[in-house]
There are 2 protein chains.
Amino acid sequence: MIKLSTKGRYGTRLMLNLARHYKNDQQAVILKSVAEDEAISIRYLEQIVIPLKINHLVKSIRGAGGGYMLARKPSEIRVCDILQALEGSCSLVECVEDETFCDKIKTCGTYEIWKAATELLKNYFDRITLQDILEISDKKLAAAKKKSKAK
Amino acid sequence: MIKLSTKGRYGTRLMLNLARHYKNDQQAVILKSVAEDEAISIRYLEQIVIPLKINHLVKSIRGAGGGYMLARKPSEIRVCDILQALEGSCSLVECVEDETFCDKIKTCGTYEIWKAATELLKNYFDRITLQDILEISDKKLAAAKKKSKAK
DNA sequence: AATATTTCAACATAATTTTATAGGTTTTAT
DNA sequence: ATAAAACCTATAAAATTATGTTGAAATATT
Ligand code: FES
Ligand code: FES
């Protein structure tokens, strides 16, 4: 498996959850609620949200009545932004972004392969926004609902 | 980072190294030589080569004069075969190949995204063979040589 | 034919990173 | 004051990455 880490997966679901609650005068969503919705440990989510905040993808409000919210519109947050924030990069191998990572980069026969594959992924994640995911997800849920009703 | 594991990276380099020594009446390449060429620990390579052998991508000959060799022509071994052998899959997340992995797969909003991204990768790795990498790599080395000569 | 050497094979152990849990502190609304 | 929530630090569990040790099989050498 070319593994997308749990940080990346959980973090994207966290962001999607916040996106679902996004309105123009949005109210904060508490992590506890996200944790329950997504069946992910709160403690772990707390760690995951830190880099999202540092990278200005979410804002937080402390104290009672506080919580987290998207820092900007879902249509302005790309999957790539999320992965970049959580994993420091969107690439398959370090050397694609950090040329000093492998020292034999000049002669490595596989470099071009991982690089090309990374471009493919990046292009995709670059053009998918939370808004897109939201729409895809809504369609899916509506279809599932229709199906279960039809029974 | 959407991490391609060291197993995947080292394993592909191992296979590429064997491909370089591939001839019709091929002779076995010892791991020690691969380890030196690629600057990877022999002990680790020994572990990596096991699944490659189990999946019939390499053959081995024991004893003095022995070593490893490709089980078939470089043009008939795809990157996808290698990753599949080493990591059990070519996908970004388990649930794309094993629907029981995430239990909320029916409602998960991100599933479609990871699935589509996986298709992109798979299509690419499915059509790149060791022969292709060999040619890309040779061109690169030739260009590098030319450049250093020109100095 | 006996022995030594070479190599894969198997098993065990250590180090590191990722994943996950736990406990406490600070901030804020009520 | 109290409770709710983010925030911070530490630790535990698991997986990945890497090294070490011994054994078994085939070959080469004597
Ligand atoms: S240069 Fe980084 S994998 Fe080859
Ligand atoms: S990540 Fe597997 S179903 Fe959502």
Side-chain angles (χ1 to χ4, degrees), chain A residues 1-14 17-18 21 26-36 38-54 57-71 83 86-89 92-94 101-102, chain B residues 1-14 17-18 21 27-36 38-54 56-71 83 86-89 92-94 101-102:
Chain A
M1 253 228 319
I2 299 147
K3 205 169 66 173
L4 179 59
S5 70
T6 59
K7 256 188 175 176
R9 284 188 290 127
Y10 293 173
T12 307
R13 277 161 67 192
L14 162 60
N17 195 294
L18 296 186
H21 293 87
Q26 54 179 323
Q27 56 199 13
V29 179
I30 63 176
L31 272 194
K32 196 180 168 214
S33 127
V34 177
E36 278 166 9
E38 308 289 341
I40 304 170
S41 135
I42 304 184
R43 299 301 186 178
Y44 199 25
L45 277 182
E46 280 179 346
Q47 289 174 57
I48 289 170
V49 87
I50 293 171
L52 293 174
K53 197 188 164 184
I54 291 174
L57 296 178
V58 304
K59 287 185 292 189
S60 68
I61 298 176
R62 299 186 68 156
Y68 291 95
M69 59 186 74
L70 293 187
L83 297 181
L86 287 170
E87 329 219 27
S89 124
L92 279 179
V93 292
E94 298 267 1
F101 183 75
C102 298
Chain B
M1 255 227 319
I2 298 148
K3 204 170 66 174
L4 178 60
S5 70
T6 58
K7 256 186 174 177
R9 283 189 289 127
Y10 293 172
T12 307
R13 277 161 66 193
L14 163 60
N17 195 295
L18 296 186
H21 293 87
Q27 56 200 13
V29 179
I30 62 176
L31 271 195
K32 196 181 167 212
S33 127
V34 177
E36 277 165 12
E38 307 290 341
I40 304 171
S41 135
I42 303 184
R43 302 302 182 183
Y44 198 26
L45 277 181
E46 280 177 346
Q47 288 175 59
I48 288 170
V49 88
I50 294 171
L52 293 174
K53 197 189 164 184
I54 291 175
H56 306 293
L57 296 178
V58 305
K59 288 185 292 191
S60 67
I61 298 175
R62 300 182 69 155
Y68 291 94
M69 59 187 73
L70 292 187
L83 297 181
L86 288 170
E87 330 219 28
S89 125
L92 279 180
V93 291
E94 297 268 0
F101 184 77
C102 297

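The model shown is predicted, which means the values in this text are computed figures rather than measured ones. Below, chains carry the letters A, B, ... as their sequence lines are ordered, and counting in each starts from 1.
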Query raised in the report: Looking at DNA chain D, which of residues 56-67 of chain B put a heavy atom within less than 4.0 Å of it?
Result: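 Of all residues in residues 56-67 of chain B, the ones placing a heavy atom under 4.0 Å from DNA chain D are B:R62, B:G63, B:A64.
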Measure from [atom1] on [X] to [atom2] on [N] and round the result to the nearest Å.
X     : N      : atom1 : atom2 : answer
A:I42 : D:dC8  : CD1   : C1'   : 16 Å
B:I30 : D:dT27 : CD1   : P     : 16 Å
B:Y68 : D:dA26 : OH    : P     : 14 Å
B:I48 : C:dC8  : CD1   : C1'   : 16 Å
B:R9  : D:dA18 : CZ    : C1'   : 13 Å
A:L14 : D:dA6  : CG    : P     : 11 Å
A:R43 : D:dC8  : CZ    : C1'   : 11 Å
B:I50 : C:dA10 : CD1   : P     : 7 Å

Query raised in the report: Should A:K53 be listed as having a side-chain N or O under 4.0 Å from OP1 or OP2 of D:dC7?
Result: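 The answer is yes; a side-chain N or O of A:K53 sits under 4.0 Å from OP1 or OP2.
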Query raised in the report: Hey, mind stepping through A:I40 and A:V34 against side chain to side chain contact (heavy atoms under 4.5 Å, CB included) and telling me if it holds?
Result: CA-CA 8 Å; A:I40 304 170; A:V34 177; over 6 Å; no
Query raised in the report: So, the side chain of B:R9 versus the backbone of A:V93: is there a donor-acceptor pair under 3.5 Å, distance only?
Result: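 Checked: no pair found.
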**Report entry** Any donor-acceptor N/O pair under 3.5 Å between D:dC8 base and A:E46 side chain
**Finding:**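 Per atom types, the contact qualifies.
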For the student: nearest non-hydrogen atoms of [X] and [Y], plus distance:
X     : Y     : answer
B:Y68 : B:L31 : CE1-CG, 3.5 Å
B:L86 : B:G11 : CD1-CA, 3.6 Å
A:S41 : A:A35 : C-CB, 4.4 Å
A:A28 : A:G65 : CB-O, 4.5 Å
B:E87 : B:S5  : OE1-OG, 2.9 Å

Query raised in the report: Passes side chain to side chain contact (heavy atoms under 4.5 Å, CB included), A:N17 versus A:R13? Steps please.
Result: CA-CA 6 Å; A:N17 195 294; A:R13 277 161 67 192; over 6 Å; no
**Report entry** Interatomic distance, A:Q27 atom CD to A:I61 atom CD1 [nearest 0.5 angstrom]
**Finding:**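 Here the interatomic distance stands at 10.0 Å.
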Between protein and nucleic acid, restricted to nucleotides 16-20 of chain C and to nitrogen or oxygen atoms under 3.5 Å apart, what atom pairs and distances do you find?
unit_1	atom_1	unit_2	atom_2	d
C:dT19	OP1	A:T6	N	3.4
C:dT19	O5'	A:T6	OG1	3.3

Requested in this report: Inspect the surroundings of CD in B:E46 and state if more than 12 heavy atoms from other residues, nucleotides or ligands are less than 6.0 Å away.
Outcome: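 Enclosed.
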**Report entry** Terminal helix-axis angle for the helix from C:dA1-D:dT30 to C:dT30-D:dA1, with five pairs defining each axis and rounding to 10 degrees
**Finding:**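 About 10° separates the two local helix axes.
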Query raised in the report: Any side-chain heavy atom of A:T6 sitting closer than 4.5 Å to one from A:I48?
Result: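 SC-SC contact between A:T6 and A:I48 ruled out.
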Requested in this report: Assign A:L31 to base, sugar-phosphate, or nothing according to its heavy-atom contacts below 4.0 angstrom with the strands shown.
Outcome: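 Sugar-phosphate, backbone atoms only, no base.
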